[in-house]
Student: 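Here it is, the structure, as structure tokens.
Letters A, B, ... are given to chains in the order of the sequence lines, protein chains preceding strands, and every chain is numbered from 1.
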2 protein chains.
Amino acid sequence: MQIVEMICEKILTRTWLEGDKIPSVRELAVSIEVNPNTIMRSYAYLQEKGIIQNKRGIGYFVAEHAHDDTLDLMKFNFIKNDLPLFFKTISLLNIDFEELKERFNKFEKGKEKDEDKQ
Amino acid sequence: MQIVEMICEKILTRTWLEGDKIPSVRELAVSIEVNPNTIMRSYAYLQEKGIIQNKRGIGYFVAEHAHDDTLDLMKFNFIKNDLPLFFKTISLLNIDFEELKERFNKFEKGKEKDEDKQ
DNA sequence: TCTACTGTTCTAGTTGCCTAATACAGTAAA
DNA sequence: TTTACTGTATTAGGCAACTAGAACAGTAGA
């Protein structure tokens, strides 16, 4: 699932565009130092979700509408699973929504600096 | 770690007060259907963090200042680990902070209803 | 056709974490 | 002292997910 999220991120940030060939099972396996079988399972999952497509003997490719589909899928899971847990936690820790907003602004500022460096 | 969080939650919500005896290793093991050894590891971790104390042959007890210490510990971990990931995700999914606030308000309203039922 | 890529499948072995079962030890009350 | 709780420790085993290594199959280009 960590691998799946890594791939989704590439698609959402438009690092990988629709129609692009993505790394081969073996290639990605080497670069992130896991077993090809593990990559296969991740790719199979994403193919099932219609986010990537496979041409046997050639490789895997980012599907049409992958960006929007990924966004829908991730947003759905986020709202269903992560958000309730998150709200429960900030409620439990008595964290103010204003404090949250401040920290988020700081976070976004940090990102701008990263972009400036590149 | 799920067990640890469950216990922290009991302390934060003042379900278990400082000085209270908490369920014995075996008792809790039976009630949540895990092995006593698993509970032991959780209790050992919390003892190491100074949140619970142990009296051999008698049981485990909620330590003095456990509420504040738990709050500090959880808040520290939350800000260090969960929050950056959370911000990254809402940024990636392009979720507006206003939308977040609305969903949080809805969440809080849902809690009020739960409290009314009790 | 041959070569070098791709995906796909299979078996065997490793690892981490949990379970199961048992034993030993400290404490308190009958 | 006995009983019935506590915590603590050890050993063996199960299970899920991964690794390791190999084999087979489709595709494209030299």
Student: Report, as yes or no, whether the 6.0 Å neighbourhood of atom NZ on A:Lys21 holds more than 12 heavy atoms from other residues, nucleotides or ligands.
Tutor: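 It does: A:Lys21 NZ has more than 12 such atoms within range.
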Student: Pairs under 3.5 angstrom, nitrogen or oxygen only, protein versus nucleotides 15-19 of chain D, please.
Tutor:
residue : atom : partner : partner atom : Å
D:dC18  : OP2  : A:Arg41 : NH2          : 2.4
D:dT19  : OP2  : A:Asn35 : N            : 2.7
D:dT19  : OP2  : A:Thr38 : OG1          : 2.7

Student: Output one line per pair: protein atom, nucleotide atom from nucleotides 4-7 of chain C, and distance, for all N/O pairs under 3.5 Å.
Tutor:
residue : atom : partner : partner atom : Å
C:dT6   : O4   : A:Arg26 : NH2          : 3.2
C:dG7   : OP1  : A:Val25 : N            : 3.2
C:dG7   : OP2  : A:Val25 : N            : 3.1
C:dG7   : O3'  : A:Asn54 : ND2          : 2.9
C:dG7   : N7   : A:Arg26 : NH2          : 2.8
C:dG7   : O6   : A:Arg26 : NH2          : 2.3
C:dG7   : N2   : A:Arg56 : NH2          : 3.3

Student: Can you list everything that forms a side-chain contact (heavy atoms from CB on, under 4.5 Å) with B:Asn105? Sequence neighbours excluded, please.
Tutor: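 So B:Asn105 forms a side-chain contact (heavy atoms from CB on, under 4.5 Å) with B:Lys101.
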Student: Is the NZ atom of B:Lys88 crowded by more than 12 outside heavy atoms at less than 6.0 Å?
Tutor: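 No.
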Student: Hey, is A:Arg103 close enough to A:Glu99 for a salt bridge, meaning N to O under 4.0 Å?
Tutor: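 Yes, charged N to carboxylate O under 4.0 Å.
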Student: Could you check if a side-chain atom of B:Val25 sits within less than 4.5 angstrom of a side-chain atom of B:Tyr43, using non-hydrogen atoms only?
Tutor: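 Of all side-chain heavy-atom pairs linking B:Tyr43 with B:Val25, at least one is under 4.5 Å.
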Student: Using the ring pair (Phe, Tyr, Trp, His ring centres under 6.0 Å) definition, which of the options A:Phe87, A:Phe97, A:Phe86 pairs with B:Phe107?
Tutor: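 When ring pair (Phe, Tyr, Trp, His ring centres under 6.0 Å) is applied between B:Phe107 and each of A:Phe87, A:Phe97, A:Phe86, only A:Phe87 qualifies.
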Student: How is the base pairing of DNA chain D summarised as a dot-bracket string, given the Watson-Crick and G-U wobble criteria with both distances under 3.5 Å, [ ] for crossing and | for another strand?
Tutor: ||||||||||||||||||||||||||||||
Student: Holding to side-chain hydrogen bond (donor to acceptor under 3.5 Å, both in side chains), I want the full list of residues that pass it with B:Asp20, two or more places apart in sequence or in another chain.
Tutor: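 Result, side-chain hydrogen bond (donor to acceptor under 3.5 Å, both in side chains) vs B:Asp20: none returned.
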Student: When you compare the side chain of A:Ile3 with that of A:Ile7, does any pair of heavy atoms fall below 4.5 Å?
Tutor: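 A side-chain contact under 4.5 Å exists here.
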Student: Atom CD1 of B:Ile39 and atom C1' of D:dT8: how far apart are they, to the nearest Å?
Tutor: 15 Å
Student: The criterion is side-chain contact (heavy atoms from CB on, under 4.5 Å); which residues satisfy it with A:Asp82, sequence neighbours excluded?
Tutor: A:Phe78
Student: Is the shortest heavy-atom distance from the side chain of B:Met6 to the side chain of B:Leu28 under 4.5 Å?
Tutor: yes
